[in-house]
Amino acid sequence: MNDVIVSIRGLSHTYMASTPLAAMGLQDASLTLHQGEFSALIGECGSGKSTLVSFLNGLLRPRQEGHVEIFGQDTASPGCDIVSLRRRVGLVFQYPHHQFLEQYVGDDIAHGPRQLGLTKGEIRERVHWAMESVGLDFQGFVDRRTFSLSGGEMRRVALAGILAMEPALLVLDEATTGLDPRGRAQIHDVLRHLRADRGMTILLVSNDMDEVAELTDRVTVLHEGETVLAGPARDILGKPDALEAYGLEPPTTTCVLRALRQAGIPIADTPLTKAETEEAIWQAMRP
Amino acid sequence: MTSDQLIRASNVHYTYDEGVRAVEALCGIDLYVDEGDFVAIAGHNGSGKSTLAKCLNGLLLPTKGDVWVRGQNTRHGSERSLLKIRATVGIVFQHPENQFVATTVREEVAFGPENLGIPGPELHRRVARVLREVGLEGLEERNPHDLSAGQKSRLAIAGTLAMEPHCLILDESTAMLDPIARRNVLALLDDLHDRGLTLILITHSMEEAVLADRVIVLDRGRVALEGSPQSVFADQEVFDELGLNLPVSAAIARELQRRGLYLPGETILTENDLIEALTERVQIET
């Protein structure tokens, strides 16, 4: 396929290499992302997810083994244009307040676009669009102080700040962990729209398999720094035994279906989402 | 007031003064918690859960209304009686690392009881016992900040348990944990409750709320629903209105029932409930 925008192969990374504190971060990790795809990166705590994500915008670059190519650029090469890379790859982290740079919401979201040499009007338009996209009322929030916001609002401001850069690839590193269901559902809607309306490529790093099952179409599994599974979400999440072997809790839907199959109930196909699962059970058991 | 009543809140209001505008977080809360209860306080972000938690052990004093802990009003009394209230009702917060003060696990757990003036030999016994209870034995000399997220959460619980509270309030203490670590912490809580500890679990996860004997749902600073998990989840309309999400299994069961599939047994809340109901149905048919 020629629409590959991220290609990571055989990547290894050791933190504090050649010191007594050396700690293995990645060992033979790989990741492929296609244009317009909604992908998930999963793995237990400490499996190297955040380390791998740091390679996507050049925060880390391959020093040891491995090849990292993002939007056609080899990030290990001295000629790699890191600035243009960072404009195309937006990272949203778990702790939004760690990425605030300004005191007021509007300024914080405008911070990125201001670096792009846009006119005032263009910047304002982008901030407006980004805030509306994440469900923050422009008038109501533009003058609020970032530190007076609730946790859910902070996450939305952090996401809006990244969106205002109009990245081609959006990476959310546990960006919904700890949000309440309503806030989480809002962010999910935002992501679905960004993908449908703007064709944005999205990578979701998550521990919540129910969320991954509902949203994504490709899944990559990391285990102890190594990519152990990768493929369509339906194939990967449809095998709960394999996920459990890697210390992961499979989605509720595929666990329920596994139990029903074991009880001799014939379930057709491989349902994954809540709606598909409910339909499959209905078809198998309808009165 | 019955003798086994541990906490009682009556018409509790709390208003945050943000200078230009006042934010009303609690608007007249009435509740009770008996010795040995396992209560979940649920609600979405901003519903007043954390403010209420802080009112229940005197960290915050209600702007209006009263909270009694074992008959002692948090508003009146000396510094000493307030300390006693806080030793009776301990709180564990969402980011445990924010509450760590020591450089080793052992010192971290000893910090609270040491401040209460517990003598050396008793202190050592207590620290050893509590670390055993939460499963952190063998990590006594580790730096709290080097622990995994799940271990940090257990350490925060251990530090509070070392004060020998009657009641533990967990304010979203599992929200940032991965599913396996969360399950382990919840199993620990279940175990502590079996041994007589009163638990108040503050959560926005309905998967967690179903573990409690009684669920209190807050909405905009008021008690919107209260009762057993079964009865709270049965009130569909109110539940949807509050913007709370049913656990995945409960949502699937509800939809199947709406379409006319009979499912035996009580209200389905958990994955196991759903599997049991469906397999039982097949057995009835065959």
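Labels below follow one simple rule: chain letters A, B, ... track the order of the sequence lines, proteins then strands, and each chain is numbered from 1. FYI, side chains are in, hydrogens and waters are out, and symmetry mates aren't considered; it's all heavy atoms of this structure. Treat the numbers as computed from the prediction; the structure is a model and nothing was measured.
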- How many angstroms lie between atom CZ of B:R281 and atom CD1 of A:I281, to the nearest 0.5 angstrom? 11.5 Å
- Nearest 0.5 Å please: distance from the SG atom of A:C45 over to the CD1 atom of B:I180. 10.5 Å
- Query: How about B:R220: does its CZ atom have over 12 heavy atoms from other parts shown lying under 6.0 Å from it?
  - Reply: no
- Query: CG of B:D190: more than 12 outside heavy atoms within 6.0 angstrom?
  - Reply: yes
- Shortest non-hydrogen pair, B:P179 vs A:N207, comes out as CG-O, 3.2 Å
- Item | Closest approach of A:P287 to B:G260 (non-hydrogen atoms, all atoms of both residues) | CG-O, 3.7 Å
- Item | Heavy-atom proximity to chain A below 4.5 Å, by part of B:L261 | both
- Query: Where does B:S249 contact chain A at under 4.5 Å (heavy atoms): side chain, backbone, both or neither?
  - Reply: both
- Task: Measure distances from A:T277 to the heavy atoms of chain B and classify the residue's part below 4.5 Å as side chain, backbone, both or neither.
- Result: side chain
- So which part of A:E279 gets closer than 4.5 Å to some heavy atom of chain B, the side chain, the backbone, both or neither? both
- Message: Between A:E278 and B:R259, does any NZ, NE, NH1 or NH2 come within less than 4.0 Å of an OD or OE carboxylate oxygen?
- Response: yes
- Side-chain heavy atoms of B:L278 within contact of A:M285, under 4.5 Å: yes
- Message: Do B:I252 and A:T253 make a side-chain contact, defined as non-hydrogen atoms from C-beta onward lying under 4.5 Å apart?
- Response: yes
